[in-house]
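One structure below.
As the structure lists them, so they are numbered: ligands from 1, and atoms in each ligand from 1.
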Amino acid sequence: MASLNTQSRELARKQQIRPLAASLLALAIGLGGAAAHADDALPKLPNKTPLKVGFAQTESNNPWRLAETKSFKDVAAKCGWQVVMTDANGSNSKQVSDIQSMIAQHVDLLVFPPREEKPLAPIVLQAKKAGIPVILVDRDVDQSVAKAGRDYITFIGSDFIDQGHRAADWLVKATNGKAKIIELEGTTGASAANDRKKGFDEVVAKNPGMTIIASQSGDFARDKGRQVMETLLQAHPDVTAVYAHNDEMALGAIAAIKAAGKQPGKDIQIVTIDGTKGGMDAIAAGELGASVQSSPFFGPLACDVAQRYAKGEKIPVWVKVSDRFYDKENVQQSMQYGY
Ligand code: AHR
């Protein structure tokens, strides 16, 4: 069943929903200027330099996360931001307490990728109550608790469902629609894992020759991906394909496949998501079939959104990032996009 988050994004996609705050404002103007109650409005962002910005990272255990953090470090001076950074080391509760401490320090703006959809949703409401505007990047929160345009400015990120569709479409073609697939899922409860699974599984369901024989979380980590793949290979020696929710787990799976005496890219086709340098090298080596890019470069986008928001411009509830796609046809000429 689709999560509320997914349903709401699909609704936004179909109906091009504007921010609720903007709709309330339009309604207020239509009613002769009666403003919405102050408690309902999104907090304002001061138009000042430097702006104190809190960036709460989830973990720093893979190239994707490092590239995301770097993009905020790189943009800080250009954007006039004084950035306070934390690293939750893969813990939801640490990410929540990191953000609580930024709220206590009265940062002007909070920007963060919520590690999981549900545990990180209430802190968005706490920030709003404290009068601090929030921009979510990369992953989203549970829309039944905190809603983009009402409780936080916007979600800046990729269409994870579409990434799953694109990965599955490639695999259908590469296997002529016949595959026994092991799916290595990302962090349980993360919007990236929920939606990448949904998108991929939807396409597989339409192809009777494709079966997901096992699906288990590797927590978006290389070594966990390798361990899970080792175990699943023993239980399912008939596997012919792997779909990993990120490059790091795919690289872990490649190590496990080789250790089991099989050839990745020949005995077992592998498709993944991220477009890291390591993933692109594996495509060039013929071990990985394809990787759907998932851009981690949110710093400049968040800077642009914050500046427009501070000027009073309307911000869409979802600032969608478009992603490239790499396979053996274009990987050599795309190497400059790897990170
Ligand atoms: O949310 C994006 C995912 O999180 C990336 O695919 C992954 O590498 C990261 O840890």
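- Considering backbone and side-chain N/O atoms, Arg139 comes within less than 3.5 Å of an N/O atom of ligand 1.
- For the pair Arg324 and Tyr337, the cation sits on the ring face: its NZ or CZ lies under 6.0 Å from the ring centre, inside 45° of the axis.
- Annotation for ligand 1: atoms under 4.0 Å from non-hydrogen atoms of Ala192 are 1 (O).
- Remark: distances from the non-hydrogen atoms of Arg196 to ligand 1 include one below 4.0 Å.
- The pair Arg115-Glu59 meets the salt-bridge criterion, since a charged nitrogen lies less than 4.0 angstrom from a carboxylate oxygen.
- Taking 4.0 Å as the cut-off between side-chain N and carboxylate O, Asp223 and Arg226 count as a salt-bridged pair.
- Interface atoms of ligand 1 facing Asn246, defined by a heavy-atom separation under 4.0 Å, are 6 (O), 7 (C), 8 (O).
- Of the protein's non-hydrogen atoms, the one nearest atom 8 (O) of ligand 1 is Asp274 OD2, 2.6 Å.
- Looking at every heavy atom in both residues, Val305 comes nearest to Val319 through CG2-CG2, 4.1 Å.
- In Ser294, neither the side chain nor the backbone holds a heavy atom less than 4.0 Å from any atom of ligand 1.
- In this structure, Asn62 is part of the shell of residues with a heavy atom less than 4.0 angstrom from ligand 1.
- In this structure a side-chain-to-backbone donor-acceptor pair under 3.5 Å is present from Gln143 to Ala148.
- Given atom 1 (O) of ligand 1, the protein heavy atom at minimum distance is Asp138 OD1, 2.6 Å.
- In this structure, Lys173 forms no cation-pi arrangement with Trp170, as its terminal cationic atom is not both closer than 6.0 Å to the ring centre and no more than 45° off the ring axis.
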Evaluate side-chain hydrogen bond (donor to acceptor under 3.5 Å, both in side chains) for Asp219 paired with Thr187, printing each intermediate quantity in order.
CA-CA 4 Å; Asp219 204 16; Thr187 300; 2.7 Å; yes
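- By the criterion of a heavy-atom distance under 4.0 Å, the side chain of Arg65, and not its backbone, is placed next to ligand 1.
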